[in-house]
Novice: 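This is the structure, below, for whatever I ask next.
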Amino acid sequence: MVYKSMDKILEKVKEYWKMIVLVVCGLIAGGIFYVLTNGQKPTTNLSVENLSSVSRQSSVSKFSEPNEKSVSKIMVDLKGAVTKPNVYQISSDERLVDLIKEAGGFTDQADQKSINLSAKLKDEEVIYVPKIGENSSTENTDSSANSVTSQVSTTTEKININQADLTELQKLTGVGQKKAQDIIDFRTKNGDFKSLEDLGKVSGFGDKTLEKLKDELCFE
């Protein structure tokens, strides 16, 4: 009885073997396709994530780069034929024309032709604006026609503290508008200085200051 059943099964298999083979092949092909498609998705997703990350990093890098040069504050000593000679604090990107404007402009006696208004400025620089007809040599360490140092007076002529006006006194090393005015007020009240040591009687002029100025001053 068992053998008869097996024979019937074998006959059925022989009859439908092609269909069975096709079904099996279809299942195998479907399994391979499933494995291939599901196995590639993580790789594809990872690639997209990496590209997005690189794109974000590139964008951040571009925006993090400074687009403008940092601007700081500098101190510049402006002397000579300007309305308000003084020490000014300005931005490092400003030019000489900006400094002159802040000082109230030139006086009527200013020799404007000798000044390069487009010149850049630097910290602790001394700018001297000469008067018309005033003799002053120039100092230009970098041989550049646009150098601000071309406006700095380096004259070796001594300044008479009994005759010099406010502008001339400010040519002295370390002497600003206030100290220059103190000198004038002292000699107006007390008469001419009899010696260079008498300058020590003026407020702000100690022994060290007099030592520095002795080669720049005269009183006769």
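Below, each value reflects all heavy atoms present in this structure, side chains not excepted, and no hydrogens, waters or symmetry copies.
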Novice: With a 4.5 Å heavy-atom cut-off, do Thr209 and Val175 have their side chains touching?
Specialist: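 The answer is no; the side chains never approach within 4.5 Å.
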Novice: Testing the 3.5 Å rule here: is there a donor-acceptor pair between the side chains of Asn116 and Ser118?
Specialist: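 The answer is yes; a qualifying pair exists.
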Novice: Find out whether Tyr88 and Ile127 are in side-chain contact, i.e. whether some heavy atom of one side chain is under 4.5 Å from a heavy atom of the other.
Specialist: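 Tyr88 does not reach Ile127 side chain to side chain.
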Novice: So which heavy atom on Ser114 is nearest to which on Pro130, and how close?
Specialist: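 Between these two residues, the closest heavy atoms are OG-CG, 3.3 Å.
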Novice: Less than 4.5 Å apart, side chain to side chain, heavy atoms only: is that true for Gln109 and Ile132?
Specialist: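 The answer is no; the side chains never approach within 4.5 Å.
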Novice: For the atom pair CG (Leu172) and CD1 (Ile159), what is the distance rounded to the nearest 0.5 Å?
Specialist: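 Leu172 atom CG to Ile159 atom CD1 measures 4.0 Å (nearest 0.5 Å).
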Novice: How long is the span from the CD1 atom in Ile183 to the CD atom in Gln170, to the nearest 0.5 Å?
Specialist: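 Ile183 atom CD1 to Gln170 atom CD measures 10.0 Å (nearest 0.5 Å).
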Novice: Tell me the closest heavy-atom pair linking Gln163 and Arg187, and the distance in Å.
Specialist: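 Looking at all heavy atoms of both residues, the closest pair is N-NH1, 3.7 Å.
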Novice: Return the set of residues passing salt bridge (charged side-chain N to carboxylate O under 4.0 Å, His left out) with Lys178 (not counting sequence neighbours), or none when no residue passes.
Specialist: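 Listed in chain order: Asp182.
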Novice: Can you check whether Asp111 reaches Val129 side chain to side chain, under 4.5 Å on heavy atoms?
Specialist: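 Answer no - side chains too far apart.
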Novice: Could you measure the distance from the CG atom of Asp93 to the CD1 atom of Ile90? Nearest 0.5 Å is fine.
Specialist: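 These two atoms lie 8.5 Å from each other.
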Novice: Just to verify, what does Lys212 make a salt bridge (charged side-chain N to carboxylate O under 4.0 Å, His left out) with, not counting sequence neighbours?
Specialist: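 So Lys212 forms no salt bridge (charged side-chain N to carboxylate O under 4.0 Å, His left out) with any residue.
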Novice: Report yes if some heavy atom in the side chain of Leu78 is under 4.5 Å from a heavy atom in the side chain of Pro85; otherwise report no.
Specialist: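 No; the side chains remain at least 4.5 Å from each other.
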Novice: Does any N or O in the side chain of Asp98 come within less than 3.5 Å of the main-chain N or O of Arg95, such that one atom is a donor and the other an acceptor?
Specialist: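 Yes: the side chain of Asp98 pairs with the backbone of Arg95.
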Novice: To the nearest 0.5 angstrom, please state how far the NZ atom of Lys122 sits from the CD atom of Glu124.
Specialist: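 The CD atom of Glu124 is 10.0 Å from NZ of Lys122, to the nearest 0.5 Å.
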Novice: Do Lys79 and Asp77 sit within salt-bridge range, that is, some charged N less than 4.0 Å from a carboxylate O?
Specialist: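 Yes, this pair counts.
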Novice: Side-chain contact test, heavy atoms from C-beta onward, threshold under 4.5 Å: evaluate it for Ser91 versus Lys73 and give yes or no.
Specialist: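 Ser91 reaches Lys73 side chain to side chain.
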Novice: Drop me the distance from Ile74's CD1 to Asp123's CG, to the nearest 0.5 angstrom.
Specialist: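 One finds 6.0 Å between CD1 of Ile74 and CG of Asp123.
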Novice: Is Val87 reachable from Leu121 through a run of I, L, V, M, F, W or Y residues, each pair having side-chain heavy atoms under 4.5 Å apart?
Specialist: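 Each belongs to a different hydrophobic cluster.
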Novice: Answer yes when Asp198 and Lys201 have at least one side-chain N-carboxylate O distance shorter than 4.0 Å, and no when they do not.
Specialist: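 Counted as a salt bridge, because a side-chain N and a carboxylate O are separated by less than 4.0 Å.
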Novice: Would you mind listing every ring-ring contact (aromatic ring centres under 6.0 Å, His included) that reaches into residues 162-204, with sequence neighbours excluded?
Specialist: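 Listed by first then second residue: Phe186-Phe193.
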Novice: Excluding sequence neighbours, so at least two apart, what forms side-chain contact (heavy atoms from CB on, under 4.5 Å) with Lys208?
Specialist: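 Here no residue qualifies.
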Novice: Do you know the tightest heavy-atom contact between Leu210 and Glu197?
Specialist: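 Between these two residues, the closest heavy atoms are CD1-O, 4.3 Å.
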Novice: Quick one, Leu166 and Gln181 - any side-chain contact, counting heavy atoms below 4.5 Å?
Specialist: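 Yes - at least one pair of side-chain heavy atoms lies under 4.5 Å apart.
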Novice: Can you find a pair of side-chain heavy atoms, one from Leu217 and one from Asn160, that are under 4.5 Å apart?
Specialist: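 Counting from C-beta outward, Leu217 and Asn160 never come under 4.5 Å.
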Novice: Can a donor-acceptor pair be found, under 3.5 Å and without considering hydrogens, that links the side chain of Asp165 to the backbone of Thr167?
Specialist: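 A pair under 3.5 Å: yes.
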Novice: Say you draw a straight line from CG of Leu96 to CD of Glu125; how long is it, rounded to the nearest 0.5 Å?
Specialist: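 The CD atom of Glu125 is 8.5 Å from CG of Leu96, to the nearest 0.5 Å.
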Novice: Could you work out, with side-chain hydrogen bond (donor to acceptor under 3.5 Å, both in side chains) as the rule, every residue matching Thr83, not counting sequence neighbours?
Specialist: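 Partners of Thr83 under the side-chain hydrogen bond (donor to acceptor under 3.5 Å, both in side chains) test: none.
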Novice: List in chain and number order the residues that pass side-chain hydrogen bond (donor to acceptor under 3.5 Å, both in side chains) with Glu216, two or more places apart in sequence or in another chain; answer none if no residue qualifies.
Specialist: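 So Glu216 forms a side-chain hydrogen bond (donor to acceptor under 3.5 Å, both in side chains) with Thr173.
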